[in-house]
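Here's the structure, in structure tokens; my notes come after.
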Amino acid sequence: ETGVTQSPTHLIKTRGQQVTLRCSSQSGHNTVSWYQQALGQGPQFIFQYYREEENGRGNFPPRFSGLQFPNYSSELNVNALELDDSALYLCASSQQGARETQYFGPGTRLLVL
Amino acid sequence: GENVEQHPSTLSVQEGDSAVIKCTYSDSASNYFPWYKQELGKRPQLIIDIRSNVGEKKDQRIAVTLNKTAKHFSLHITETQPEDSAVYFCAATSGSARQLTFGSGTQLTVLP
């Protein structure tokens, strides 16, 4: 198992609400990437954080936003939730010198009703 | 952007047989290709990776091959065991963030 942790494990929200998901990176890792995994599909890149700044972004609208803290942990915020936001949200941590070698957390399963 | 295609979507093999999963990618600038195993309800687990300066890499029963010219790479599992049953994802790096673009996954079932 990796040292990447995420909270909460499960979450149920209603359409239009806002949600915050949290991720703690593996020891020694300073880069966090977030992915959305819809049922039966591969993970899709949302964005990446390094040195508390967004370092790259996938094809997701601005209502998906994030933060990274000095201890390298990270948050994913989603505003104005839509039914299609229901998915498993995964964070992955890596070292800046090898950002592509990513280790995933267990994910947060979000259900939007 | 990068596009990764993976096949087959499902694969059933008898215990002890070999399994092969194939992926193609579109971005010639991609140079890192990991494979992840995801068991039901669990996190994707990195099982092997290969960089573009290498044609083949082995780790016990698992091997990955890369053909840069054809832009395809494959996962080979030998002497399959029931615990190999899972969904396997290939991926390729792209972009300034070195983000992973994943294939659609292969459900591997090893029949005892």
Side-chain angles (χ1 to χ4, degrees), chain A residues 1-7 9-10 23-26 29-51 53-60 66 68 74 87-109, chain B residues 1-10 21 23-25 27 29-54 57 59 64 66 73 75 86-108:
Chain A
E1 292 295 327
T2 71
V4 184
T5 61
Q6 290 186 245
S7 63
T9 55
H10 296 83
C23 171
S24 291
S25 60
Q26 184 169 310
H29 287 183
N30 54 16
T31 301
V32 175
S33 302
W34 286 91
Y35 292 81
Q36 180 194 67
Q37 186 177 23
L39 202 59
Q41 298 182 21
Q44 280 197 294
F45 176 69
I46 303 174
F47 44 56
Q48 182 183 95
Y49 276 82
Y50 170 64
R51 288 187 174 176
E53 291 189 359
E54 188 177 288
N55 193 40
R57 189 177 185 93
N59 190 26
F60 280 81
Q68 187 181 33
S74 177
L88 180 67
Y89 288 85
L90 296 160
C91 76
S93 76
S94 55
Q95 296 176 332
Q96 181 58 15
R99 282 173 294 163
E100 65 274 9
T101 306
Q102 299 181 15
Y103 298 92
F104 283 88
T108 294
R109 187 160 296 282
Chain B
E2 176 69 280
N3 183 50
V4 177
E5 295 191 356
Q6 180 174 349
H7 58 93
S9 56
T10 60
I21 303 170
C23 290
T24 60
Y25 62 98
D27 187 351
S30 292
N31 61 3
Y32 174 74
F33 308 91
W35 286 86
Y36 287 85
K37 173 184 180 182
Q38 188 174 29
E39 297 176 74
L40 191 63
K42 297 200 171 180
R43 73 186 77 198
Q45 176 192 358
L46 178 64
I47 57 171
I48 195 167
D49 55 14
I50 191 168
R51 297 186 184 273
S52 58
N53 58 348
V54 175
K57 183 177 179 181
D59 182 4
V64 57
L66 172 65
F73 55 113
L75 177 71
V87 178
Y88 290 80
F89 290 99
C90 62
T93 50
S94 63
S96 58
R98 306 285 289 155
Q99 66 261 31
L100 299 175
T101 300
F102 285 83
S104 54
T106 296
Q107 172 69 63
L108 173 64

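So that the names make sense, note that chain A is the first sequence line, chain B the second, and so on, each numbered from 1.
- Contact count against chain A (heavy-atom pairs under 4.5 Å) is highest for B:L100 among B:V4, B:L46, B:L100.
- Proximity to chain A is limited to the side chain of B:T93, based on heavy atoms less than 4.5 angstrom apart.
- For A:Y35, the part lying near chain B is the side chain, with the backbone staying farther off; criterion is any non-hydrogen pair under 4.5 Å.
- Using modelled atom types, one side-chain atom of A:Q48 and one backbone atom of B:A97 make a donor-acceptor pair closer than 3.5 Å.
- Contact tally against chain A (heavy-atom pairs below 4.5 Å) for B:R51, B:Q107, B:Q45: the top residue is B:R51.
- Side-chain atoms of B:R98 do not come within 3.5 Å of backbone N or O of A:T101 as any donor-acceptor pair.
- Contact between A:V4 and B:R43 at its shortest, heavy atoms only, is O-NH1, 3.3 Å.
- Counting non-hydrogen atoms of neighbouring residues, nucleotides and ligands closer than 6.0 angstrom, the CD atom of B:E5 reaches no more than 12 such neighbours.
- Checking side-chain atoms of B:Y36 against main-chain N and O of A:F104 turns up no donor-acceptor pair under 3.5 Å.
- Looking only at side-chain heavy atoms (C-beta outward), B:F89 and A:Q37 come within less than 4.5 Å of each other.
- Here the CZ-CD distance, from A:R99 to B:Q99, works out to 9.0 Å after rounding to the nearest 0.5 Å.
- Heavy atoms of B:Q38 lying under 4.5 Å from chain A belong exclusively to its side chain.
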